[in-house]
Amino acid sequence: MTEPTTGTPQRDPESVSRFVEHFAAQLVEAGVPRMPARVFAALLASDTGALTSAELGDQLRISPAAVSGAVRYLAQVHLVSREREPGSRRERYRVHSDQWYEALTSRETIIKRWEEALREGVTSLGEDTPAGRRLAQTLEFFEFVERDVAEMMERWRVYRENKYGH
């Protein structure tokens with residue numbers, strides 16, 4: 001079904017709401033807090049990929065404080081960005097088409113810090129102790145994952161560029 005004057009596809013708000021709540025539930029199951037999951041799903045489901053706090057509050061039937069807290073969390077994990085509406089003081093919150101890429105690559109810094117802490121732990125506890133061996137194995141796991149994720153992200157970048165031109 002399309003809008004008569006614009007030719008823009010018109011969507012059933014109830015269907016959109018069902019998608020948002022279903023996808024948010026999947027994110028919650030994976031460990032994302034409930035409000036950020038709902039806000040993220042709503043942004044993904046919007047045609048522009050950007051909504052104001054008021055639009056998010058209306059769509060999700062949540063308070064401005066709930067929107068603010070959710071957006072703060074999502075910005076910290078690099079899933080959304082804030083931008084000013086042109087000619088306004090209002091902020092819009094945007095999800096980007098490469099949000100998963102950005103979120104995963106931003107984890108590299110965190111993993112590097114974990115690796116350094118684990119190296120110190122192995123040295124402190126002694127690599128021949130049960131705890132030291134456990135930390136060394138954990139360190140090796142993170143190093144393994146880091147190598148594979150870096151290679152995978154490079155393959156994705158090439159694939160995305162070839163398929164979508166960006």
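One is the number of the first residue; the rest follow in order along the sequence. Predicted model only: the values in this text are computed from it and were never measured.
The list of salt bridge (charged side-chain N to carboxylate O under 4.0 Å, His left out) pairs with a residue in residues 125-140, not counting sequence neighbours, is empty. The list of ring-ring contact (aromatic ring centres under 6.0 Å, His included) pairs with a residue in residues 45-68, not counting sequence neighbours, is empty. Counting only residues at least two apart or on different chains, the ring-ring contact (aromatic ring centres under 6.0 Å, His included) pairs with a member in residues 32-53 are F40-W100.
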Which donor-acceptor pairs under 3.5 Å do the side chains of residues 27-38 make with protein atoms, sequence neighbours left out?
from, atom 1, to, atom 2, distance (Å)
R38, NE, E21, OE1, 3.1
R38, NE, E21, OE2, 2.9
R38, NH2, E21, OE2, 2.9
R38, NH2, L60, O, 2.9

Name each donor-acceptor pair under 3.5 Å that joins a side chain in residues 69-82 to protein atoms two or more places apart or in another chain, with its distance.
from, atom 1, to, atom 2, distance (Å)
S81, OG, H96, NE2, 2.7

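Checking side-chain atoms of R92 against main-chain N and O of R84 turns up no donor-acceptor pair under 3.5 Å.
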Could you walk me through whether L56 and I62 satisfy the side-chain contact (heavy atoms from CB on, under 4.5 Å) test, starting with their C-alpha distance in whole Å, then the side-chain angles of each, then the deciding distance to 0.1 Å, before giving a yes or no? CA-CA 8 Å; L56 285 163; I62 59 177; 5.6 Å; no

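Hydrophobic cluster membership is shared by I110 and V149, with clusters built from Ile, Leu, Val, Met, Phe, Trp and Tyr side chains linked at under 4.5 angstrom.
Residues R113 and E116 fail the side-chain proximity criterion, which asks for heavy atoms closer than 4.5 Å. Looking at heavy atoms from C-beta onward, Y93 lies out of side-chain contact with V39 at the 4.5 angstrom threshold.
Qualifying side-chain hydrogen bond (donor to acceptor under 3.5 Å, both in side chains) partners for E146, counting only residues two or more places apart in sequence or in other chains: K112. In this view, E14 satisfies the side-chain hydrogen bond (donor to acceptor under 3.5 Å, both in side chains) rule with no residue, not counting sequence neighbours. Evaluation of the salt bridge (charged side-chain N to carboxylate O under 4.0 Å, His left out) rule for E143 yields R119 as partners, not counting sequence neighbours. In this structure, E151 has no salt bridge (charged side-chain N to carboxylate O under 4.0 Å, His left out) partners at least two apart in sequence or on a different chain. Checked against side-chain hydrogen bond (donor to acceptor under 3.5 Å, both in side chains), R18 has the following partners two or more places apart in sequence or in another chain: S15. In terms of the ring-ring contact (aromatic ring centres under 6.0 Å, His included) criterion, residue partners of Y159 (sequence neighbours excluded) are, by chain and number, W156. Partners of F19 under the side-chain contact (heavy atoms from CB on, under 4.5 Å) rule, at least two apart in sequence or in another chain, are F23, A45.
Heavy atoms from other residues, nucleotides or ligands lying under 6.0 Å from CD of Q137 number 12 at most.
Remark: I111 CD1 to L118 CG distance equals 11.0 Å, nearest 0.5 Å.
Smallest separation of non-hydrogen atoms from A136 and V122: N-CG2, 3.4 Å.
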